[in-house]
Every structure is written in C-alpha cells, then in structure tokens.
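No experiment lies behind these values; they were computed from the predicted model shown. Protein chains get the first letters and strands the later ones, always in sequence-line order, with residue 1 at the start of each.
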Protein chains: 2
Amino acid sequence: MKNTKFTQELRGIFAASAKPLTVADILGILRLKKLRPNKTTIYRQLEKMTRAKDLEHVHFESRGLGYEKAREHHHHLICNSCEKIEDLVIKDEQKMFDRLLGRKEFKAQEHHLEIFGLCMACSR
Amino acid sequence: MKNTKFTQELRGIFAASAKPLTVADILGILRLKKLRPNKTTIYRQLEKMTRAKDLEHVHFESRGLGYEKAREHHHHLICNSCEKIEDLVIKDEQKMFDRLLGRKEFKAQEHHLEIFGLCMACSR
DNA sequence: GTATTTGCAAACACTTTGCAAGCAT
DNA sequence: ATGCTTGCAAAGTGTTTGCAAATAC
C-alpha cells in the first residue's frame with residue numbers, strides 16, 4: 001500500500017477511533033478537517049485495507065457496512081440511546097456455540113452477534 | 001388490510017415459505033407465476049404487514065433486508081453452500097445472555113445472532 | 001519509468017415519494 | 001361514497017466502474 005496523504009489520513013482515523021466507521025462517517029470526519037475527500041477513493045481504500053487484513057467488515061443493520069481495525073474476535077454492545085459501541089469478548093465462546101447448537105447437524109463456521117441496549121451511562 | 005389480488009398473493013407466498021424473503025425474492029416468485037408485480041407495491045405492503053406484526057424484519061448482511069412470518073423468537077443457521085436457512089431456538093436464552101455479559105454494565109434489550117456454516121447435507 | 005492511487009463523471013442498484021387512478025368495503 | 005391500495009414516473013441514496021491525470025516508489 002502506497003503512502004499517500006490520503007492513506008495517512010485514513011490510518012490516522014482508524015488509529016484514533018474506538019468504534020467501527022462507515023464510509024459516511026469517514027467522509028464526515030475528513031470534511032471536519034477541511035479536507036475534500038473523494039468518496040470513490042474511500043470506498044476503494046477501505047476495501048483494499050480490508051483485503052490486506054488491516055481492517056475488518058462490521059455490519060450493523062442500522063448503519064450499513066462499517067469497518068474497524070482488525071483485532072481479536074469480538075462482538076459489539078450498541079447503546080440504543082447514545083450510540084456508543086463497546087466491545088464484548090466472550091469467554092469460552094467456542095464451547096458456548098457448541099452447546100447452543102445442541103444436537104443440530106450444522107457445522108458452524110462464522111457468526112455475527114450484536115447486542116443492543118443501554119450503556120452504563122444511559123441506563124441511569 | 002384490504003383483501004386484494006395482490007395481498008392474497010403475498011400472504012400465500014409467506015405461508016408457503018420457510019425462509020425469509022427479500023423484495024427481490026418476491027419479485028422473482030411473482031414473475032415465475034407470470035404476474036407482473038410492481039415493486040413499489042411490494043415495498044409498501046411488506047412494511048405494512050410488518051407494522052401489523054404479520055411479518056418481521058430479518059437482516060442478512062449478504063442479502064439485505066428480508067421479511068419472515070412473525071413467530072417465536074429465534075435465530076438463523078445459514079448454509080454457506082446451499083443457502084438453506086434453518087431456525088434455531090436457544091434454550092434458556094435469557095440466562096445465556098446474562099452470563100455472557102458477565103459483570104459488564106450494559107442493559108441488553110435486543111440482539112441479533114446469525115450463524116453461518118454448512119448444513120447437514122452440504123457438510124458431507 | 002512504472003505501477004498504484006486518485007478524482008471525476010457516469011452508471012448502477014435499491015428504496016422512497018407524489019400523485020392520479022382503481023378497487024374493496 | 002370513502003378511503004385504502006396500486007401503478008407509474010421521478011427522485012433519492014449508497015455503491016461501483018471506466019478512464020485519464022497525478023503521484024509514490
């Protein structure tokens with residue numbers, strides 16, 4: 001991946017962001033920085049970074065496709081009120097899924113799990 | 001909800017289908033039946049049936065928004081090979097989610113879980 | 001110098017809206 | 001007769017593609 005003004009910006013944005021970002025999010029951030037980003041470039045660069053395993057897809061039904069820095073397998077807790085997103089790492093996840101499938105004859109490969117609710121601050 | 005040729009068709013289709021259907025699926029089915037459906041009508045009627053609790057939204061990242069007959073809370077096992085979709089009802093689901101959240105301060109309200117893999121037939 | 005990256009315009013796919021006409025009740 | 005439903009055309013949104021110009025290496 002070449003090192004351009006643009007890719008530097010993108011790396012910076014993902015380094016600074018705790019939560020998954022959509023193309024629209026990134027457009028917004030860049031515009032706040034007074035940059036005039038081209039959305040085609042964003043689409044292309046995000047996909048390229050995903051192929052390179054720097055990013056991973058995160059799908060949220062409400063916000064569409066997002067991207068986040070690749071890291072340990074985890075899930076998301078999404079606050080319905082303030083939209084904050086926390087990570088959730090499940091202990092013994094494999095075991096849990098095995099149990100959950102019971103005697104179903106299904107060879108699980110991947111899964112998606114997101115939990116919506118109220119974060120600590122919003123549930124007061 | 002009025003009883004028109006169209007709404008009868010729709011009801012019939014959902015009565016006959018075990019799996020969630022997208023607008024595109026329904027367009028296809030109707031065309032196979034030599035009908036010339038209007039997609040605007042499909043969009044509108046599906047949303048209406050959803051508001052009436054006859055249908056429920058099902059979001060699949062790969063296929064976009066789908067709809068299925070409203071019924072007991074469940075999840076989906078999606079075959080990566082043949083696309084078959086099975087239902088999965090989790091026993092003691094509430095308990096499982098409580099445990100899974102551990103001591104996290106998060107008040108869960110809803111969740112989405114889909115498991116992808118190979119169905120019995122395809123895992124041979 | 002070469003290959004990758006970028007910007008732009010246009011194409012595309014999907015969904016929604018406004019309005020007039022049709023139909024169920 | 002009335003109001004819900006339908007069809008059509010158009011607009012809106014989000015994403016992708018082709019190509020020429022710019023730029024990193």
Could you tell me how far apart [X] ([atom1]) and [N] ([atom2]) are, to the nearest whole angstrom?
X	N	atom1	atom2	value
Leu65(A)	dA13(C)	CG	C1'	16 Å
Lys5(B)	dT6(D)	NZ	P	11 Å
Leu27(B)	dG7(D)	CG	P	11 Å
Glu47(B)	dC4(D)	CD	P	18 Å
Gln45(A)	dA24(D)	CD	C1'	13 Å
Arg11(A)	dA24(D)	CZ	P	13 Å
Glu9(A)	dT6(C)	CD	C1'	15 Å
Asn38(B)	dG22(C)	CG	P	15 Å

>> Between the side chains of Arg71(B) and Glu68(B), is the shortest nitrogen-to-carboxylate-oxygen separation below 4.0 Å, so that they form an ion pair?
In response: yes
> Just wondering, are more than 12 heavy atoms of other shown residues or ligands nearer than 6.0 Å to NZ in Lys19(B)?
Replying inline: yes
> salt bridge (charged side-chain N to carboxylate O under 4.0 Å, His left out) between Arg63(B) and Asp25(B): does it pass, once the steps are laid out?
Replying inline: CA-CA 10 Å; Arg63(B) 314 193 334 125; Asp25(B) 292 335; 2.9 Å; yes
> So, Ser17(A) side chain and Phe14(A) main chain: donor-acceptor pair closer than 3.5 Å or not?
Replying inline: no
> Does any N or O in the side chain of Thr50(B) come within less than 3.5 Å of the main-chain N or O of Leu46(B), such that one atom is a donor and the other an acceptor?
Replying inline: yes
>> By the 4.0 Å heavy-atom rule, please label Asn3(B) as base, sugar-phosphate, or nothing.
In response: sugar-phosphate
>> Applying a 4.0 Å non-hydrogen cut-off, can you work out what Thr40(B) is touching in the nucleic acid: base, sugar-phosphate, or nothing?
In response: base
> OP1 or OP2 of dT16(D) less than 4.0 angstrom from a side-chain nitrogen or oxygen of Tyr43(A), does that happen here?
Replying inline: no
>> Quick check on dC4(D): is either OP1 or OP2 less than 4.0 Å from any side-chain nitrogen or oxygen of Thr4(B)?
In response: no
>> With nearest nucleotide decided by heavy atoms, which residue, Arg36(B) or Lys2(B), maps closer to the 5′ end of DNA chain D?
In response: Lys2(B)
>> Is it the case that the base of dG7(C) and the side chain of Arg44(A) share a donor-acceptor contact (distance under 3.5 Å, atom types as modelled)?
In response: yes
